[in-house]
Amino acid sequence: MPLVNTTEMFKKAYEGGYAIGAFNVNNMEIIQGITEAAKELNAPLILQVSAGARKYANHTYLVKLVEAALQVTDLPIALHLDHGDSFELCKDCIDGGFTSVMIDGSHHSYEENVELTKKVVEYAHARGVTVEAELGRLAGVEDDVNVSAEDASYTNPDQVVDFVTRTGCDSLAIAIGTSHGAFKFKPGQKPQLRFDILEEIERRLPGFPIVLHGASSVIPEFVEMINANGGKMDHAIGIPEDMLRQAAKSAVCKINIDSDLRLAMTATIRKYFAENPSHFDPRQYLAPARKAIKDMVARKITNVLGCDGKA
Ligand code: G3H
Ligand code: 13P
Ligand code: ZN
């Protein structure tokens, strides 16, 4: 089957009370690990590429690797641009085979965000590509943008109907307390999500797919494995899995996960070298790293997203 956009996936996810995992991809092993898990569990997938991933691996390499995964798995897979920050970047990805793009205008004023999103939607929809937009600001780091907790702000439910109506976007990323990276909360701070805001948005936009960014759980087992093998990641903390499970049952149809994959991969490679200091064949440490990605994605699909068997 060819790459799909997110329309059908989100419709089924909304109606079925589950969410699709959107996993960030940067190289072959990550793509293989994610898609092997999804294949075994018969789960639909969103593979997403950031501007940084595109710079690192090259657009064409990533598209071809995802096409290979599609051929091998025959799953419904959407290839999505993560955090597109300009019309030009979105256009490049649409012209270059992506089936979904995010235009992240959340760093602009409300009116500028509307204008930019609308422009991307017009271009994308004419080519069968779906568009995710963002309202509200998450804390954390993505590419070169570092939003401090003070500058982050929750999505205002009073704006969502106007924003979605005027832009025509297909899904909306909201800020309810998640944040990017492995350090989502200050030491001693209790992880909390504003489910009241999510419910209010769901009430105002019935049937409309909502997206959660910054949704890694920063699983302590992997942080401990990194620290036990020469790393230093004090106070790494993420969103508890039970909160994400609750979100997946609501209007949230897409849950973004990157940091948990990075942690699993890095922890596994650190452990490998601690145990095998003289090895130098990349296949020897990349094979267990790929398996760690696969296990992490399987855990997300069954434990958090509930999208197993929904391909
Ligand atoms: O939200 C951002 C993703 O984790 C991608 O991160 O921009 O470092 O590739 P990146
Ligand atoms: P995490 O850093 O929590 O994995 O979030 C990833 C993300 O939102 C990608 O857009
Ligand atoms: Zn994000």
Side-chain angles (χ1 to χ4, degrees), residues 6 19-27 30-31 33-34 45-59 61-62 78-86 89-90 93 98 100-107 131-147 149 152 155 171-185 191-193 210-220 222-223 233 235-241 243-244 247-248 252-267 292-293 296-297 299-301 304-305:
T6 55
I20 317 284
F23 300 99
N24 286 75
V25 298
N26 292 279
N27 68 13
I30 295 174
I31 292 173
I34 297 166
L45 266 183
I46 298 172
L47 297 178
Q48 55 187 11
V49 170
S50 69
R54 225 166 148 255
K55 210 186 292 175
Y56 170 78
N58 175 291
H59 177 99
Y61 274 92
L62 289 172
L79 176 55
H80 174 78
L81 168 66
D82 191 26
H83 292 285
D85 62 353
S86 67
L89 175 56
C90 292
C93 289
F98 283 40
S100 173
V101 292
M102 175 189 194
I103 176 67
D104 181 356
S106 63
H107 308 291
V131 179
E132 173 186 330
E134 179 164 329
L135 251 190
R137 276 183 173 198
L138 270 71
V141 183
E142 80 225 12
D143 277 334
D144 299 330
V145 184
N146 185 349
V147 181
T155 304
S171 61
L172 187 66
I174 60 167
I176 57 166
T178 60
S179 106
H180 290 107
F183 302 91
K184 300 190 192 297
F185 301 97
Q192 238 176 353
L193 293 189
I210 299 301
V211 178
L212 276 193
H213 281 247
S216 278
S217 294
V218 188
I219 293 153
F222 291 97
V223 175
M233 291 199 68
H235 310 305
I237 181 161
I239 314 294
E241 286 180 319
M243 289 186 191
L244 296 165
V252 170
C253 293
K254 173 175 180 271
I255 293 190
N256 283 13
I257 296 158
D258 188 5
S259 295
D260 276 334
L261 303 187
R262 295 178 179 194
L263 288 166
M265 192 165 199
T266 300
I293 296 270
M296 178 61 73
V297 169
R299 173 186 181 140
K300 297 290 175 186
I301 289 172
V304 170
L305 302 160

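The basis for the numbers below is simple: all heavy atoms, side chains too, and nothing from hydrogens, waters or symmetry mates. Counting starts at 1 for both ligands and their atoms, following the listed order.
The protein heavy atom nearest to atom 8 (O) of ligand 2 is Gly214 N, 2.8 Å.
Here is the list of ligand 2 atoms found below 4.0 Å of a heavy atom in His83: 10 (O). Taking every non-hydrogen atom of Asp82 and a distance limit under 4.0 Å, the qualifying atoms of ligand 1 come out as 1 (O), 2 (C), 3 (C). Proximity to Ile257 (heavy-atom distance under 4.0 Å) selects the following atoms of ligand 2: 4 (O). Distances below 4.0 Å separate heavy atoms of Asp258 from the following atoms of ligand 1: 3 (C), 4 (O), 5 (C), 6 (O). When each atom of ligand 2 is checked for a heavy atom of Asp258 under 4.0 Å away, the hits are 4 (O), 6 (C). Listed by number with element, the atoms of ligand 1 under 4.0 angstrom from any heavy atom of Ser50 are 5 (C), 7 (O), 9 (O), 10 (P). Those atoms of ligand 2 with a heavy atom of His213 less than 4.0 angstrom away are 8 (O), 10 (O). Listed by number with element, the atoms of ligand 1 under 4.0 Å from a non-hydrogen atom of Asn24 are 3 (C), 5 (C).
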Apply side-chain contact (heavy atoms from CB on, under 4.5 Å) to the pair Leu62 and Asn26, showing each step before the final yes or no. CA-CA 7 Å; Leu62 289 172; Asn26 292 279; 5.8 Å; no
Stepwise, does the side-chain contact (heavy atoms from CB on, under 4.5 Å) test hold for Leu263 with Met296? CA-CA 10 Å; Leu263 288 166; Met296 178 61 73; over 6 Å; no
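Residue Asp82 has at least one nitrogen or oxygen atom sitting less than 3.5 Å from a nitrogen or oxygen atom of ligand 2, judged on distance alone. Not one N or O of Asn24 is nearer than 3.5 Å to an N or O of ligand 2, by distance alone. The shortest N or O to N or O distance between Asn26 and ligand 1 is not under 3.5 Å. Below 3.5 Å of separation, one finds an N or O of Gly181 facing an N or O of ligand 2.
Ring centroid separation for the pair His107 and His83 does not come in under the 6.0 Å cut-off.
Of the options His180, Lys254, Lys184, the smallest heavy-atom separation from atom 3 (O) of ligand 2 is shown by Lys184.
Taking the Zn ion (ligand 3) as reference, His213 places its N/O/S atom ND1 nearest.
Taking all atoms of both residues into account, the shortest heavy-atom contact from Val304 to Ala248 is O-CB, 3.5 Å. Nearest heavy-atom pair, Ser259 versus Ala182, reported as atom, atom and distance to 0.1 Å: OG-N, 4.0 Å. The shortest heavy-atom contact between Cys90 and Gly84 is SG-CA, 4.4 Å. Contact record, Thr6 with Ser100: CG2-OG, 3.9 Å, taken as the closest heavy-atom pair. Taking each heavy atom of Leu193 and Gly177 in turn, the nearest pair found is CD2-C, 3.7 Å. Contact detail for Glu132 and Ala173: the closest heavy-atom pair is OE2-CB, 3.7 Å.
A parallel orientation is assigned to the rings of His59 and Phe98, their planes being inclined by less than 30° (bins at 30° and 60°).
Looking at Arg54 against ligand 1, nothing comes within 4.0 Å, counting heavy atoms. Residue His83 touches ligand 1 through its side chain alone, judged by heavy-atom distances below 4.0 Å. Contacts between Ala22 and ligand 2 below 4.0 angstrom, taking non-hydrogen atoms only, are absent altogether.
At the Zn ion (ligand 3), the vertex angle linking NE2 of His83 with NE2 of His180 is 100° (nearest 10 degrees).
Not a single heavy atom of His213 sits closer than 4.0 Å to an atom of ligand 1. Within the structure, the closest approach of Arg262 to ligand 2 does not fall below 4.0 Å when heavy atoms are considered.
The shortest distance between side-chain heavy atoms of Asn256 and Met102 does not fall below 4.5 Å. The side-chain heavy atoms of Ile34 and Val25, taken from C-beta on, include a pair separated by under 4.5 Å.
Without hydrogens or angle criteria, Ser217 side chain to Pro240 main chain gives no donor-acceptor distance under 3.5 Å.
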